[in-house]
Amino acid sequence: MEAIKLSIGFREWSKFPDFVEMINAEAEMFAYAIDNTTAIIVTQGCCGTAWVEAQAERWFEDQYTETIKK
């Protein structure tokens, strides 16, 4: 299990709820929005985490991920 913290720029906050919903629709992944620009995302392993990070880069211009647990 891996966990990351995803933070995005404030000007893209309106896309954030849809992104969190998309992550939660995937099997074996969970996303919890802390506020309008920050979420904690839990995946089963490194492949899931890499997929989430790739999706975040695709959805948001200004995003940053921080590993919480490997």
Side-chain angles (χ1 to χ4, degrees):
M1 179 186 331
E2 290 192 7
I4 60 171
K5 178 181 170 184
L6 172 65
S7 300
I8 65 164
F10 185 74
R11 63 190 163 113
E12 297 182 287
W13 71 268
S14 62
K15 297 190 268 182
F16 205 58
D18 292 334
F19 181 79
V20 170
E21 185 178 327
M22 182 212 39
I23 297 299
N24 284 328
E26 294 295 322
E28 302 179 357
M29 291 185 192
F30 174 75
Y32 176 76
I34 297 171
D35 57 27
N36 290 339
T37 61
T38 309
I40 301 296
I41 302 169
V42 179
T43 65
Q44 285 288 24
C46 62
C47 292
T49 301
W51 182 82
V52 168
E53 289 174 343
Q55 291 300 313
E57 286 181 21
R58 198 174 125 225
W59 277 61
F60 307 108
E61 291 178 26
D62 183 21
Q63 55 83 27
Y64 172 76
T65 57
E66 177 184 344
T67 301
I68 297 173
K69 179 181 179 358
K70 278 193 173 199

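In this chain, residues are counted from 1 in sequence order. Keep in mind that the numbers below use all heavy atoms, side chains included, and drop hydrogens, waters and symmetry copies.
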Chemist: How many angstroms lie between CG in N36 and CZ in F10, if you round to the nearest 0.5 Å?
Modeler: 6.5 Å

Chemist: Just checking E21: does its CD atom have more than 12 heavy atoms from other residues, nucleotides or ligands closer to it than 6.0 angstrom?
Modeler: no

Chemist: Taking all atoms of both residues into account, what is the closest heavy-atom pair of G9 and T37, and its distance?
Modeler: O-CG2, 4.3 Å

Chemist: Let me confirm one number: the CD-OG1 distance from E26 to T43, rounded to the nearest 0.5 Å.
Modeler: 11.5 Å

Chemist: Minimum heavy-atom separation for T38 to D35, with atom names?
Modeler: N-OD1, 2.8 Å

Chemist: Measure across A31 and N24 and return the closest heavy-atom pair with its distance rounded to 0.1 Å.
Modeler: N-OD1, 2.7 Å

Chemist: Has T67 got a side-chain atom pairing as donor or acceptor with K69's backbone, closer than 3.5 angstrom?
Modeler: no

Chemist: With sequence neighbours left out, what residues match Q63 under side-chain hydrogen bond (donor to acceptor under 3.5 Å, both in side chains)?
Modeler: none

Chemist: Each residue besides L6 in its hydrophobic cluster should be listed here, by chain and number; the cluster joins Ile, Leu, Val, Met, Phe, Trp and Tyr at side-chain heavy-atom distances under 4.5 Å.
Modeler: I4, I8, F16, F19, V20, M22, I23, M29, I41, W51, V52, W59, F60

Chemist: Starting at CD of E2, measure out to CD of Q44 and round the result to the nearest 0.5 Å.
Modeler: 10.5 Å

Chemist: Atom NZ of K5 and atom OG1 of T65: how far apart are they, to the nearest 0.5 Å?
Modeler: 11.5 Å

